[in-house]
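Sequence lines set the chain letters: A, B, ... in the order given, protein chains first and strands last, and positions in each chain run from 1.
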2 protein chains.
Amino acid sequence: MAKTRRLDRVRVIAVAADLADERGLEALTLAAVAKELNIRIPSLYNHIDGLAALRREIGLLGLRDLEPQLARAAAGRQGTEALRAVAHAYTLYANAHPGRYLAAQRPASASDPELALAGAAIVDLLRSILKSLGLNARDQIHAVRGFRALIHGFISLQAAGGFGLPVEVEQSLDRALAWFFEGLVLQNRQRPRRNKYRLAIRPKRP
Amino acid sequence: MAKTRRLDRVRVIAVAADLADERGLEALTLAAVAKELNIRIPSLYNHIDGLAALRREIGLLGLRDLEPQLARAAAGRQGTEALRAVAHAYTLYANAHPGRYLAAQRPASASDPELALAGAAIVDLLRSILKSLGLNARDQIHAVRGFRALIHGFISLQAAGGFGLPVEVEQSLDRALAWFFEGLVLQNRQRPRRNKYRLAIRPKRP
DNA sequence: GTATATTAACTAATACAATTAGTTTGTCAA
DNA sequence: TTGACAAACTAATTGTATTAGTTAATATAC
């Protein structure tokens, strides 16, 4: 049972991702992965390029897993209802796969086309929903960023134990999203396709 | 120049925090701190209880530094204007001290009164501002969470390089906050002190 | 002022993680 | 059948945190 070929790159990454989900991304070591696979540490280098690369792969896996789940949640819904369903799927995934999710949030080198592509797929999905709300291109980008930031912020602060008070976090996210959407559709109702609010700290025209 | 007393706990933490800001929290090692202080690694243990404790101290320092800066930004302003100023101070701090800020977001053991207290000071500040908007206690909590999540989400996604498109991130945050506030004040104008929207994925009364 | 206790540095040693180099052994295809 | 390749291995190196035990300088007590 020594030198037979038992592994491939995909399986190594999958096992590592599961470990990251179970024990935390920080606790992910090559030693743990090797032990789980019943091989010696250096053998891992036949499949992956070290620990840093492995973490990147886990993050990439996370992004690629997440997108279709969001798309499925949005299917058959429109506007803010679709966005709420997407938000729900988003937090569901982050709670089910904390290691993969955290790995997906790591600083990526600017020139990483695979990661960029996987991220863009999610952004495109959100933009297409927001377009149906009647937002112009620039506002779509602003809104996508705000939406992602809100969800990610909740997940991140929750993971950090930042919510001490005994009020349901999931409920708070729903309320916050509701307020955000309210502002979105209100502005658009008043002045479609044109920005009314220019609330930069430093005003454009002083 | 051997055994004289040159250090204290505060200075060790401050130097470590500066290193974390400059080179990144991940790159913070006891070796780097010791080198910066011109001592050997084990000597650090006279002042701090290891690397994990040092990171916690840096986070605590971050929280304690942040609160007065937010308070100063809010001073003399009210309502959403105060919140916008606080948000600006928040991102300013996170950009100036990325290491301290990141350390402040680490999962804290549930029973860490110092960290809890430092965090509560910030939450209390935000709640007092939101109270002046006429929100009831429950909505204050929801709004504080949404506000923090939005800001932290932006900072976090920006640090992860998640905003690929060439549109100003600072501007996006301003717009997102504007929409969020719009929803906040709108709801309150319509039905002060009572919730109108109950947008949970699973409705309360089916 | 001297004796004592404490503080804060040190050296030495251990354990563990990641990585690289070089080797061996199955497996597949010509 | 045989030769190239893939994928495991052992061995060794480096860098990390941590603990134990030691020593010198400083502060404090008398």
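For the pair A/Arg9 CZ and D/dA8 P, the interatomic distance rounds to 14 Å; values are reported in whole Å. Rounded to an integer number of Å, the gap from CZ of B/Arg40 to P of C/dA12 is 10 Å. Taking atom CD1 on A/Ile48 and atom C1' on D/dA6, their separation rounds to 16 Å, with Å as the unit. Per the geometry, CG belonging to B/Leu44 stands 13 Å off C1' belonging to C/dC10, to the nearest Å. Between the CZ atom of A/Arg55 and the C1' atom of C/dA17 there is a distance of 11 Å, given to the nearest Å. To the nearest angstrom, P of C/dC10 lies 6 Å from CD1 of B/Ile39. Summarising the geometry, the separation between CD1 on B/Ile41 and C1' on C/dA8 is reported as 16 Å, rounded to the nearest angstrom.
Under 4.0 angstrom from either OP1 or OP2 of D/dC9 there lies at least one side-chain N or O belonging to A/Ser43. Close to C/dT7, at under 4.0 Å from its OP1 or OP2, lies no side-chain N or O of B/His47.
For B/Asn46 against C/dA9, a side-chain N or O and a base N or O form a donor-acceptor pair under 3.5 Å.
With values rounded to the nearest 0.5 angstrom, B/Ile13 atom CD1 is found 8.0 Å from B/Leu60 atom CG. For the atom pair B/Gln171 CD and B/Arg175 CZ, the distance stands at 8.0 Å (nearest 0.5 Å). To the nearest 0.5 angstrom, B/Arg72 atom CZ is 10.0 Å from B/Glu67 atom CD.
Remark: A/Asp21 engages A/Arg100 in a salt bridge, criterion side-chain N to carboxylate O under 4.0 Å. The pair A/Arg64-A/Glu114 meets the salt-bridge criterion, since a charged nitrogen lies less than 4.0 angstrom from a carboxylate oxygen.
Panel note: side chain B/Arg148, backbone A/Leu157; no donor-acceptor pair is recorded below 3.5 Å.
Contacts between residues 20-31 of chain A and DNA chain C, counted as heavy-atom distances below 4.0 Å, involve A/Thr29, A/Leu30, A/Ala31.
Annotation: side chain of B/Leu133 is not in contact with side chain of B/Phe181 (no heavy-atom distance under 4.5 Å).
Side-chain proximity of B/Tyr45 to the nucleotides C/dA18, C/dC10, D/dT18 is greatest for D/dT18.
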